[in-house]
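Nothing here was measured: the structure is a model prediction, and the numbers come from that model. Numbers here are sequence positions counted from 1. Remember, it's 1-based here, ligands and their atoms both numbered in the order they're listed. The analysis underlying the following values was restricted to heavy atoms, covering all of them including side chains, and did not include hydrogens, waters or symmetry mates.
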Amino acid sequence: MTKRMRLAIQSKGRLSDGSLELLGKAGVRFSNNRESLWRPAANFDLDLMMVRDDDIPSLVLGGAADYGIVGENVLAELQVDEPRFNELEIVLPLSFASCRLDVAAPDAQGWTQLSDLDGKRIATSYPALTRSAFTDAGIQVDIIEMKGSVEVAPRLGIADAICDLVSSGATLKANNLKSIATLLDSQAVMIRPQTGREDETDNTAETLMHRLGGVMASAQTKYIMLNAPTDRLDDIQALLPGSDAPTIARIAGRDDVVAVQAVCRERVFWETLERLKNAGARAILVLPIEKMMA
Ligand code: ATP
Ligand code: ZN
C-alpha cells in the first residue's frame with residue numbers, strides 16, 4: 001500500500017476556502033466533514049490535516065504532516081527568531097491570499113517614512129518581523145504585541161502606529177490609517193522540510209504539485225481565436241499578449257483573411273481586444289482554458 005501524503009491546511013479562516021478550492025480544481029475530492037481533524041481525499045493518496053495556520057510550520061517541521069499550506073508571513077515571522085524554521089522550504093507559491101505586511105499610521109499625523117516613528121509605539125501581531133525591520137533601519141520603537149484587531153490600537157491610545165497585514169487597504173482606510181512602508185509581500189505557499197525526507201509520498205506530492213501548477217497557469221491563460229486580414233497579420237500577431245507562435249489556418253473560399261488561434265499566458269483586457277479590432281481583426285473570441293499540461 002502506498003503511504004498517503006499528509007497535507008496540513010488551515011481549518012477555518014482566510015486560507016481554508018482558497019486551499020480547498022485549489023485542491024478541488026486539481027481534481028482532488030474530499031468528504032464534507034469540515035469539523036474533523038483529518039479529511040481523507042476520496043480519489044487521491046492524500047489526507048488533509050485541518051489545523052490553525054500558526055501551527056502548520058511546526059507540524060510540518062516535526063513530521064506530523066509532510067506538507068503544509070501557510071501564508072508566507074506566518075513562516076517569515078517564525079524564521080526571524082527561530083533558525084530551525086529555516087529548514088522549511090517553499091516548494092510552490094500558490095497565488096492566493098495575497099497581502100502585504102505594512103507599517104501604517106494615523107493619516108492625521110502626516111508621518112511618511114519609518115524614521116518618523118522613532119521612539120513611537122507600534123502595535124502588531126508580527127513582533128519579530130516588525131522588530132527586525134526597525135532594528136535594521138536603526139530606528140528605536142516599542143513593540144506592543146496584539147493577537148488581533150491591531151488596527152484599533154492607535155484609536156485606543158495604546159500605540160502610535162501599527163504593523164499589520166493589508167490586502168485591499170479597506171481596513172486601514174476605515175480606521176483613518178495610511179501605509180508608510182511594506183515590510184513583506186505575502187501569498188499562500190506550499191511548504192515542506194528542506195532536508196527532503198525522501199519517502200513514498202514524493203510521487204503523490206509531485207503529481208499534486210504538477211496539477212496545482214497547471215491550475216494556476218490556466219487561471220490567467222486564455223485561448224484567443226480571431227480572423228485576420230492576411231496583409232495585417234504581423235501587426236495582429238504582435239498584439240497577442242504573452243503568446244507563443246499562433247496557429248494560422250486558411251478559411252475556405254477566402255484568400256484575403258486567415259484564422260488565427262493562440263494561447264495567451266497573460267490577462268487579456270478589453271483594451272487588447274480593441275487594439276486587435278483596430279488592427280483589422282474580426283470575429284474575436286476569448287475562451288477560458290480549463291486544464292493545461294505541457
Ligand atoms: P487561525 O485561527 O487559523 O490562527 P488567523 O486569524 O491567524 O487564523 P486569518 O485571518 O484566517 O488567520 O489569515 C490567514 C492568512 O491569510 C494570513 O496569515 C495571511 O497570509 C492571509 N491574508 C490575506 N489577506 C489578509 C488580510 N487582509 N488580513 C489578514 N490576513 C490576510
Ligand atoms: Zn493564525
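Ranking protein heavy atoms by distance to atom 31 (C) of ligand 1, first place goes to R14 CD, 3.3 Å. Given atom 27 (N) of ligand 1, the protein heavy atom at minimum distance is S167 OG, 2.8 Å. What sits closest to atom 2 (O) of ligand 1 on the protein, heavy atoms only, is R52 NE, 3.4 Å.
Checked for salt-bridge contact, R121 and D160 meet the test: a charged N lies under 4.0 Å from a carboxylate O. With salt bridges taken as basic N to acidic carboxylate O contacts below 4.0 Å, none links D102 and K178. Ion pairing between a basic and an acidic side chain is recognised when a charged N comes within 4.0 Å of a carboxylate O; R4 and D47 show such pairing.
When distances from atom 6 (O) of ligand 1 to the protein are checked, no heavy atom turns up under 4.0 Å.
Proximity to G71 (heavy-atom distance under 4.0 Å) selects the following atoms of ligand 1: 20 (O). Atoms of ligand 1 found under 4.0 Å from any heavy atom of G13, numbered from 1 in the order shown, are 11 (O).
Heavy-atom proximity to atom 1 (P) of ligand 1, evaluated over D55, D53, L101, D164, is greatest for D53. Between atom 20 (O) of ligand 1 and the options L15, V74, N73, the minimum heavy-atom separation is to N73.
Under the 4.5 Å side-chain heavy-atom criterion for ILVMFWY residues, a single connected hydrophobic cluster contains both F96 and V28.
Contacts between Q10 and ligand 1, counted as non-hydrogen atom pairs separated by less than 4.0 Å, involve the side chain only. Residue C99 touches ligand 1 through its side chain alone, judged by heavy-atom distances below 4.0 Å.
For the Zn ion (ligand 2), the nearest N, O or S atom contributed by D54 is named OD1. Residue D53 approaches the Zn ion (ligand 2) most closely through its N/O/S atom OD1.
A donor-acceptor pair shorter than 3.5 Å cannot be found between the side chains of T230 and D256.
What you find for T204 and D45 is that their closest heavy atoms are CG2-O, 3.4 Å.
Going from atom CE of M5 over to atom CZ of R192 covers 9.5 Å, rounded to the nearest 0.5 Å.
Using modelled atom types, one side-chain atom of R282 and one backbone atom of K277 make a donor-acceptor pair closer than 3.5 Å.
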